[in-house]
Amino acid sequence: METPDGTVALPPSLVNYEEMPASHPKVLTFDAKWAEESEAYRSTPTVCPAPVEPGLIRRIQGLALEAYSALGCRSYARVDFREDREGNLQILEVNPNPDFSPSAGLAKQAKAHGWEYAELTLRVLAAAEVNEPWT
């Protein structure tokens, strides 16, 4: 997220797969993301901030900022990770236009950072005003 003081990595979220049935792959499918009536949706709550040690949070945020910069993202973006069994972080996706709704991950992360949704919205608009338009 761009701010007047520079780009900030908001607190990371964690998708909790502990309640996911063994027969379902541990991936965030369409149903898990959007079908509120589905077992997959109910079995994959998002926890924010992620309940992980501070060192891992710093690694996640550092890599997220590097990916954001390397790909030329502007205003805001979301970087998705997976951690393997050896503790290596793998970037799955950089989304330069993640869901901006009040119940989405970006809003949850902003709230964990201390910004209510209205403030997040104003910050996104302020960042858009100072960035050059895409050509």
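Below, each value reflects all heavy atoms present in this structure, side chains not excepted, and no hydrogens, waters or symmetry copies.
- E116 pairs by the side chain to side chain donor-acceptor pair (under 3.5 Å) definition with K111, not counting sequence neighbours.
- Residue pairs meeting the salt bridge (charged side-chain N to carboxylate O under 4.0 Å, His left out) criterion with at least one member in residues 29-48, sequence neighbours excluded, do not occur.
- Nearest approach of P12 to C48, heavy atoms of both residues: O-SG, 4.0 Å.
- Here ring-ring contact (aromatic ring centres under 6.0 Å, His included) pairs that include residues 56-84, with residues two or more places apart or in two chains, are Y76-F100.
- Cluster note: Y17 groups with V15, M20, L28 through ILVMFWY side-chain heavy atoms spaced under 4.5 Å, whether in direct contact or through intervening members.
- A donor-acceptor distance shorter than 3.5 angstrom exists from the side chain of S38 to the backbone of A35, with no hydrogens or angles considered.
- Under the side-chain contact (heavy atoms from CB on, under 4.5 Å) criterion, S101 pairs with D99, S103, A104, sequence neighbours left out.
- W34 and L106 end up in different hydrophobic clusters when Ile, Leu, Val, Met, Phe, Trp and Tyr side chains are linked at under 4.5 Å.
- Checking side-chain atoms of E19 against main-chain N and O of S43 turns up no donor-acceptor pair under 3.5 Å.
- Partners of P54 by side-chain contact (heavy atoms from CB on, under 4.5 Å), not counting sequence neighbours, listed by chain and number: R58.
- Looking at every heavy atom in both residues, A107 comes nearest to P102 through CB-O, 3.3 Å.
- Taking the side-chain contact (heavy atoms from CB on, under 4.5 Å) definition, one finds that A126 meets it with nothing, sequence neighbours left out.
- In this structure H24 satisfies the ring pair (Phe, Tyr, Trp, His ring centres under 6.0 Å) test with no other residue, sequence neighbours excluded.
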### Task
Walk me through it: do V79 and I91 pass the test side chain to side chain contact (heavy atoms under 4.5 Å, CB included)?
CA-CA 7 Å; V79 183; I91 294 177; 4.0 Å; yes
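- Inter-residue side-chain proximity for L65 and T7 is flagged as met; some heavy-atom pair is nearer than 4.5 Å.
- Counting Ile, Leu, Val, Met, Phe, Trp and Tyr side chains that sit under 4.5 Å apart, directly or through other members, V27 stands alone, with no cluster partners.
- Within a 6.0 Å radius of OH in Y41, no more than 12 heavy atoms belonging to other residues, nucleotides or ligands are found.
- In this view, V8 and T3, L10, H113 satisfy the side-chain contact (heavy atoms from CB on, under 4.5 Å) rule, not counting sequence neighbours.
- In the hydrophobic clustering of this structure, I57 does not group with L92; members are Ile, Leu, Val, Met, Phe, Trp, Tyr whose side-chain heavy atoms approach within less than 4.5 Å, directly or through other members.
- Remark: E119 pairs with R123 by the salt bridge (Lys or Arg N to Asp or Glu O under 4.0 Å) rule, at least two apart or across chains.
- Residue pairs meeting the salt bridge (charged side-chain N to carboxylate O under 4.0 Å, His left out) criterion with at least one partner in residues 77-93, sequence neighbours excluded, are R78-D80, R78-E93.
- Cluster annotation: V52 and L89 are assigned to the same hydrophobic cluster (Ile/Leu/Val/Met/Phe/Trp/Tyr, side-chain heavy-atom contacts under 4.5 Å, transitive).
- Taking both residues in full, the closest heavy atoms of A67 and V94 are given as CB-CG2, 4.0 Å, listed atom of the first, atom of the second, then distance.
- Looking only at side-chain heavy atoms (C-beta outward), V47 and S13 stay at 4.5 Å or farther from each other.
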